[in-house]
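Inspection log for the structure reproduced underneath, given as structure tokens.
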Amino acid sequence: MSQPIIEFKNVQKKFGDTTIFDGFNFRVEENEIVSIIGPSGSGKSTLLRILMTLEGIDGGYINVGGESLWHMLWNGAYVPASNKHLHKMRDQLGMVFQHFNLFPHMTVKRNITEAPMRVKGLSRQEAEKSAEELLELVGLSDKADSYPNDLSGGQKQRVGIARALAMRPSILLLDEITSALDPELVDEVLDVIRNLAKEQSFTMLLVTHEMYFAREISDRVCFFDNGNIVEEGKPEAIFTDPKETRTKAFLNAYLGQ
Ligand SMILES: Nc1ncnc2c1ncn2[C@@H]1O[C@H](COP(=O)(O)OP(=O)(O)OP(=O)(O)O)[C@@H](O)[C@H]1O
């Protein structure tokens, strides 16, 4: 097997007395599109937040692009190796959040250029040129000078995707990106991801409640429960012939199978 682009080995994570991961193992290959489905509160978002180093871990090992994300100190605490290392690791990862997290006081264009200018040191001209291309990609060229509050939820989320792409990540993390949207706005956002997936130049890790989308887009679907992958496989196998009782019960509740 080739070197995975993401690898979790024996990862431990607690919130207070609540254990989220107790020896979690997981790997994603380069350019693979993996969907994580599963019940609420099972730790799916925590998995993505740990990868973005928005959350720490209590034990184990995480490797992104061949390098360790966290290092253990003499006292057993886990920390990113250094700010420089952290920035380098984060540069590979782009995350789109459920609630958009746009800056309301900045125009759409500024939301997209802010991080590349501040973190990557791009000139305003370079960052704006890239933002214009990305706005075209997500179909929002005419909204460059609008403010987030003047956009629909679907448009806000398309800006969220453009903003994540502006950092030129090789791995895209999508955390329930359509959950906060009215149903009629879901497809315009999923279409953007469909088009990105066709290019196959990204590794994508999606947490989603859109089962039909997970089935359509993924190379692999993982059913996740209680901090563990209970069952995984090709979308067809998981959705039409799940083996585990818990997977069957979950899909039954969702899809009425
Ligand atoms: N910062 C935090 N502090 C304390 N507990 C937390 C924190 N973040 C998450 N949790 C708890 O950890 C558990 C896993 O949460 P997580 O958001 O990862 O689940 P999820 O599978 O993504 O759920 P959902 O599908 O509802 O978003 C939940 O019980 C949640 O309440």
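As the structure lists them, so they are numbered: ligands from 1, and atoms in each ligand from 1. In what follows, residues are counted from 1 in the order of the sequence shown.
Atom CD of Glu136 has 12 or fewer neighbouring heavy atoms from other residues, nucleotides or ligands inside a 6.0 Å radius. The environment of NZ in Lys120 is crowded: more than 12 heavy-atom neighbours from other residues, nucleotides or ligands sit within 6.0 Å.
Pairs of residues two or more places apart, or lying in two chains, never qualify as ring pair (Phe, Tyr, Trp, His ring centres under 6.0 Å) while including a residue from residues 129-152.
Ligand 1 lies under 4.0 Å from heavy atoms of Phe15, Ile20, Pro39, Ser40, Gly41, Ser42, Gly43, Lys44, Ser45, Thr46, Glu55, Glu176, His209.
Figure legend: Lys248 and Phe250 shown without cation-pi pairing, the cationic atom not lying both under 6.0 angstrom from the six-membered ring centre and within 45 degrees of its axis.
Not counting sequence neighbours, the partners of His209 by the ring-ring contact (aromatic ring centres under 6.0 Å, His included) test are Tyr254. For Ala214, the side chain to side chain contact (heavy atoms under 4.5 Å, CB included) test picks out Ser35, Ile37, Thr208, Ser218, Phe239, with sequence neighbours left out.
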